[in-house]
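In what follows, a single structure is set out as structure tokens and then discussed.
Residues take their numbers from the sequence shown, with the count starting at 1.
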Amino acid sequence: MKIQEIPLFAIQGFKAGHAHDSEGGTGVSVFLFDKLSPVGCDIRGGGPASRETPLLDPQRGAGGLHALVLSGGSAFGLDASGGVLRYLEEQGIGFDVGVTRVPLVCHSCIFDLAVGSPYIRPTREMAYEACQNARNDFFKEGCVGAGIGASTGKICGMEYAMKTGIGAYAAECNGIQVGAVVVLNALGDVFIPETGQKIAGLLAPDKKSFSAERTVQTEFLKFLSKEEQNIFAQKESIANTTLGIVFTNARFDKAGLAKISSVTHNAFARVISPVHTMADGDTVYTVSLGQKETDINALGVFSTLVMEKALIRAVTTAVPLYGLKSYSDIIN
């Protein structure tokens, strides 16, 4: 079956916008749905910062969401989604409670406090601005929005880390459309699955090349020693979390979308090593924006392939910032 690349917004039913503070090194990316849309979620990292994700439990009454928010700021950044709620309420969007409408919004944050200023976090005003910037004809990638403070390869601290950002990719196969957006902010190294080539991660001491392929894993083995088991909590290596969103024109309920999110985490595991540690908050959301019928297993495989491409884009579209080198500096 032929898989054909398509523009992200060929998948109709949403728009997206960014806003960020360049000096602070943190930002917000918002995804506004044209109507209440079913969403599923799977959280694999041990340290997530998220808001309202219980809404996505199939046992909860919410039929969907009006928006998703990705941002920096760690737990401090969760306050920013209040600006999205205000924007949507002003537009008359939300669950009707008689006296007003309450928008249903989920929000996840990366840890970017070690980049830029640790005391500048995404604000409600920044999120409101991202809503005002939202469009459905072009998605900007790289060091923008929630991706402006993203980085990877932090097991030995930020000194040897690399700059990453936010990436997107979309494709169609037999009329089924799948798109992915991801903020890559990982502890580990990043590889192209087909070739095994490392494209981002822990740098060597000269900062002109990568460390040995298994250096990250070797660093982890130190924590097996009782004498060094507390080192991990003291390092800047806590500054992680990769966040992804899958968009599809296929129809599934929350339970099915949660399973697709679960399968899509395979992309994280194929591209990032190590991943899903207790120092990560790795999360995948999946949004149903259409009524196409398809097999859930096939869509999970498809979304994994698409997410892999988006993860690579989050590396290759990044530029050097905050003293961190990027893909173009290392890969010639």
Side-chain angles (χ1 to χ4, degrees), residues 20 22 24-27 45 70 72 74 110-118 140-169 181-193 195-220 232 235-244 267-277 279-282 307-332:
H20 56 252
S22 298
T26 195
L70 305 181
S74 189
I110 67 167
F111 189 113
D112 58 3
L113 303 181
V115 173
S117 169
K140 189 172 183 179
E141 301 172 85
C143 300
V144 295
I148 193 168
S151 57
T152 197
K154 290 166 278 192
I155 188 67
C156 292
M158 293 301 295
E159 183 180 0
Y160 300 104
M162 281 183 64
K163 190 73 188 72
T164 52
I166 188 168
Y169 186 83
V181 172
V182 64
V183 182
L184 198 164
N185 188 60
L187 172 68
D189 293 326
V190 181
F191 300 86
I192 296 177
T195 65
Q197 179 190 6
K198 186 187 297 187
I199 60 170
L202 179 65
L203 293 176
D206 64 7
K207 298 183 184 179
K208 297 179 181 179
S209 59
F210 294 120
S211 65
E213 182 175 342
R214 310 308 293 183
T215 299
V216 173
Q217 285 79 356
T218 302
E219 286 291 322
F220 261 108
F232 189 71
K235 281 176 170 277
E236 292 176 292
S237 55
I238 61 173
N240 311 292
T241 292
T242 295
L243 305 173
F268 285 23
R270 281 170 53 80
V271 174
I272 304 167
S273 180
V275 73
H276 300 148
T277 73
D280 296 297
D282 302 323
M307 182 62 75
E308 287 177 9
K309 299 289 188 182
L311 285 161
I312 301 304
R313 297 272 311 164
V315 170
T316 59
T317 59
V319 296
L321 276 178
Y322 311 112
L324 299 177
K325 293 190 174 183
S326 68
Y327 172 84
S328 60
D329 295 313
I330 306 300
I331 305 294
N332 297 316

What residues, two or more places apart in sequence or in another chain, satisfy side-chain contact (heavy atoms from CB on, under 4.5 Å) together with A314?
V182, L184

All heavy atoms of I330 vs all of K207, minimum pair found to be CD1-O, 4.0 Å

CE of M162 to CG of D329: how many Å apart, nearest 0.5 Å?
7.0 Å

Residue that, paired with Y327, satisfies side chain to side chain contact (heavy atoms under 4.5 Å, CB included) out of T316, V190, I312:
T316

Hey, are the side chains of T242 and L311 touching, using non-hydrogen atoms and a 4.5 Å cut-off?
yes

With side chains defined as the heavy atoms from C-beta onward, is the minimum distance between L203 and F210 less than 4.5 Å?
yes

Quick check against the 3.5 Å criterion: does T164 have a side-chain atom that pairs as donor or acceptor with the backbone of S151?
yes

Here the gap from I199 atom CD1 to S326 atom OG, rounded to the nearest 0.5 Å, amounts to 11.5 Å

Is it the case that the side chain of D280 and the backbone of N240 share a donor-acceptor pair, with hydrogens and angles ignored and the cut-off at 3.5 Å?
no

Separation between OG1 (T26) and CD1 (I148), nearest 0.5 Å, reads 8.5 Å

Rounded at 0.5 Å granularity, tell me how far NZ in K309 sits from CD1 in I192.
8.5 Å

Can you name the residues that form a side-chain contact (heavy atoms from CB on, under 4.5 Å) with P118, not counting sequence neighbours?
L113

H20 versus S22, closest heavy-atom pair with distance
CD2-OG, 3.5 Å

What are the two closest heavy atoms between Y160 and P205, and how far apart are they?
CE2-CA, 3.8 Å

Could you give the distance from CG (L243) to CG (N185), rounded to the nearest 0.5 Å?
8.0 Å

Test item: T152 side-chain N/O and D189 main-chain N/O as donor-acceptor pair under 3.5 Å
no

Neighbour count >12 (heavy atoms, 6.0 Å) for atom NZ, K325
yes

Pairwise side-chain contact, K198 with S273, heavy-atom cut-off 4.5 Å (strictly under)
no

Which atom names give the shortest non-hydrogen contact between V319 and C143, and what distance separates them?
N-SG, 3.5 Å

Do you know the tightest heavy-atom contact between E308 and P193?
OE1-CG, 3.8 Å

Heavy-atom side-chain proximity of F268 to M307 below 4.5 angstrom:
yes

Which heavy atom of P274 sits nearest a heavy atom of T277, and at what distance?
CB-CG2, 4.3 Å

Out of curiosity, L70 CG to T241 OG1, how far, rounded to the nearest 0.5 Å?
11.5 Å

For the pair L324 and M158, evaluate side chain to side chain contact (heavy atoms under 4.5 Å, CB included) and give the outcome as yes or no after the intermediate values.
CA-CA 8 Å; L324 299 177; M158 293 301 295; 3.9 Å; yes

